Each structure stands twice: as structure tokens, then as C-alpha cells.
Protein chains: 2
Amino acid sequence: MSQREPAAEQARLSVLPQRASGIPEACCTLAIEGREQTRLVQMFKALGNPIRFEILKFLLTHPGCITGDLVNHLPIAQATVSQHLKVLKQAGWVAGTIQGPAVAYCLDDANVAWFRSRVEDVF
Amino acid sequence: MSQREPAAEQARLSVLPQRASGIPEACCTLAIEGREQTRLVQMFKALGNPIRFEILKFLLTHPGCITGDLVNHLPIAQATVSQHLKVLKQAGWVAGTIQGPAVAYCLDDANVAWFRSRVEDVF
DNA sequence: CCCATTAATCGTATAAATACGATCATGAGT
DNA sequence: ACTCATGATCGTATTTATACGATTAATGGG
């Protein structure tokens, strides 16, 4: 074992007496699996991008803003913003509301609450 | 607006009277920005992968298990598991402890708690 | 009925993530 | 010292994500 930790990460490792062989027993069960787990992972993935996190932040402080407001606020093209909004919608973070020729976006409160409760349960 | 919503997502949209022009006022401030935000996004991204989520789940129920236990539990090669563990370590989700020639992994409780509190603050 | 505004989608280029086999370094036991 | 067990890293192939310009479609106003 040598390339195991390249200096920067070495700090996180400490040496302990060797444990007995065998996988440690399961100490608990987890309240998530299957489709719920897939959905949770999808929500994590959607927010695991700086632009999309910024979109969510903006929607949090400016609920009901339209796509164009986000395009003005962000350093990327309209097509890309639209694509990110699609990812956030599919993950359940946001919902759009047609307002004339525009679309106003808000957080999807029910799903946000679900995410929070899952995080509290699991971790 | 027409390709805007391809049938499956149409359900999430409802029609409301058009709002007054202008960006909605900021309704609140957010308790995250800069490096903290980057770190939070990194944690989201790390868990936004089904294999890594499964690793975290396994560590939650089998704290102190070694890499080989995870390799046995997962349907992917050892090199790939090692790579995923590196991502989880860099994001702060897990920490490794050298035990002889092996490395025992556990959740990084402090960072997990930080993540929880950030989720509670922000959303 | 045209025209401007708005935003979703298409096609495509580039970057990043994911996976694997092979190799290498370390620790432990012989 | 030699060998085995362990797991991190390397090189690389493939897939997926990200970004953009261009196009398309729909609404609302003149």
C-alpha cells in the first residue's frame, strides 16, 4: 500500500489496531431502497452542478421569476439555462407555470420537503 | 411556446394569470455562498451516483468495513470501487483508516452533520 | 395577419465521468 | 528476503454531461 494516499489526503488517515477479520455486522437498517433511492440519487445529481445550484438559490430568493430572469442572472446561453431547468424539473426540484408567452418557475415545495425528510432519516 | 413541454411534463404546468413585469423581489437571503456553496455542491455531486450512494448506504450499516467488503458487495471492479471511494473521500462523506494492509472506511460524521445542517438551513 | 417576445428543442462539439485490466506499493506472515 | 493480500494509481475506452448557435413553436400586441 503506497500510492494509497497522495500526501494531501494522508491527513485524513490515522493508524488503528487491526480489526478482527470478517465484515462488520450490520448495525442498523436503512429506510430507503428501490425507486425511492433512485429518486433521491437523481435529486442529488441534479444539485451537484454549480449552475443548477445557483438556479435553485435564485428561485429560492426570487420565486416566480421567468426563464429570462435566470438567463440575465447567469453567465451562460439561454439554451443551456433551459436545459438545466429541464434537469431540475425532472428531478423534482422546480416546477414551471405558464404565464402568457413566458414560464414562471418556483421550487417544488412538496419534493423539497420530501428531500429534507429523507436526508434527516438517512443521515 | 410549443415544444416547451412534451406531454409527460405537461402535467406539472398550470396556467395562471400573467404576473406584472419585472423580476420578483428577493424575498429572503440565503445563508450560503462562495467556498461553502462549492463544498456543498461537491457533496451533492458525489452522492448523485447510484454506486456511490450504495457505498454510503453500506458504510452506514457496516461501519468500519474494508474496501474488499465493498468490492464483494458491488457489481463493479476493484479499481472502480477505489475510484468512487476517492470521490467520496474528497467530497468529505467518508474517511479511511489504515488497518494493516487494508483500509477501513467510515462515514465522516462531522461533514455529514454539516451537510444535514446546511440542507436544513437552505431548503 | 404579421411581428416581437419567450423559451423549448435540435444538432453538434468538447469536456468530464465512469469503467476496466494491468501495474505498483505497502504491510504481514513465513 | 519472499510471498500473499490489499487497494491505490495508471492508461485507456466508452458513455454521459455540458455548452452553444440555430431553429421551432406559441403567445400577445399592433
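Here the structure is a predicted model, which is why all the values come from computation and not from measurement. We name chains A, B, ... by the order of the sequence lines, and we start the count at 1 in each one.
- Remark: aromatic rings of A:W93 and A:F53 are distant, center separation not under 6.0 Å.
- Under the 4.5 Å side-chain criterion, counting only non-hydrogen atoms from C-beta, B:L47 is in contact with B:L56.
- Closest approach to the B:A79 side chain among C:dG21, C:dA7, D:dA8 is made by C:dG21 (side chain taken as heavy atoms from C-beta onward).
- Comparing D:dG7, C:dA8, C:dC20 by their closest approach to the side chain of B:I66 singles out D:dG7.
- Between C:dA17 and B:N49, no contact under 4.0 Å exists linking OP1 or OP2 to a side-chain N or O.
- Between B:R52 and C:dA17 there is no side-chain polar atom (N or O) within less than 4.0 angstrom of OP1 or OP2.
- Relative to the side chain of B:P101, the nucleotides C:dT6, D:dC20, C:dA28 differ in distance, and C:dA28 lies closest.
- Whole-Å rounding puts the A:I98 CD1 to C:dA7 C1' distance at 11 Å.
- Look at CD on A:E54: it is 16 Å from P on D:dT18, rounded to the nearest Å.
- The phosphate of C:dA8 has neither OP1 nor OP2 within less than 4.0 Å of any side-chain N or O from A:K86.
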- [ ] Please test B:M43 against B:N111 for side-chain contact (heavy atoms from CB on, under 4.5 Å), starting from the C-alpha separation and ending with a verdict.
- [x] CA-CA 9 Å; B:M43 290 188 85; B:N111 285 329; 4.2 Å; yes
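- Between D:dA19 and A:H84, a contact under 4.0 Å exists linking OP1 or OP2 to a side-chain N or O.
- Distance A:Q83 CD to D:dT23 P: 18 Å, rounded to the nearest Å.
- Across D:dG7, D:dT9, C:dC20, the shortest atom-to-atom separation from the side chain of B:T67 is found for D:dG7.
- Taking 4.0 angstrom as the limit, A:Y105 places none of its side-chain polar atoms (N or O) nearer than this to OP1 or OP2 of C:dT6.
- Side-chain proximity of B:S82 to the nucleotides D:dT18, D:dA8, C:dT9 is greatest for D:dA8.
- There is a side-chain donor-acceptor pair under 3.5 Å between B:Q37 and A:E54.
- One atom, CG of B:L47, and another, C1' of C:dA17, lie 16 Å apart when rounded to the nearest Å.
- With hydrogens and angles ignored, a donor-acceptor pair closer than 3.5 Å exists between the side chain of A:Q78 and the base of C:dA8.
- Counting to the nearest Å, the C1' atom of D:dG7 and the CD1 atom of B:I76 are 14 Å from each other.
- Counting to the nearest Å, the P atom of D:dA17 and the CD atom of A:Q42 are 11 Å from each other.
- Remark: aromatic rings of B:F115 and A:F44 are close, center separation under 6.0 Å.
- Atoms CG (B:L88) and P (C:dT18) sit 11 Å apart, rounded to a whole Å.
- Phosphate proximity of D:dC20 to A:T80: present, with a side-chain N or O under 4.0 Å from OP1 or OP2.
- Taking atom CD1 of A:I51 as the reference point, atom C1' of D:dC20 lies 13 Å away to the nearest angstrom.
- Checking the phosphate oxygens (OP1, OP2) of C:dA17, a side-chain nitrogen or oxygen of B:K45 falls inside 4.0 Å.
- Between B:R118 and B:E36, at least one side-chain nitrogen of the basic residue sits less than 4.0 Å from a carboxylate oxygen of the acidic one, meeting the salt-bridge criterion.
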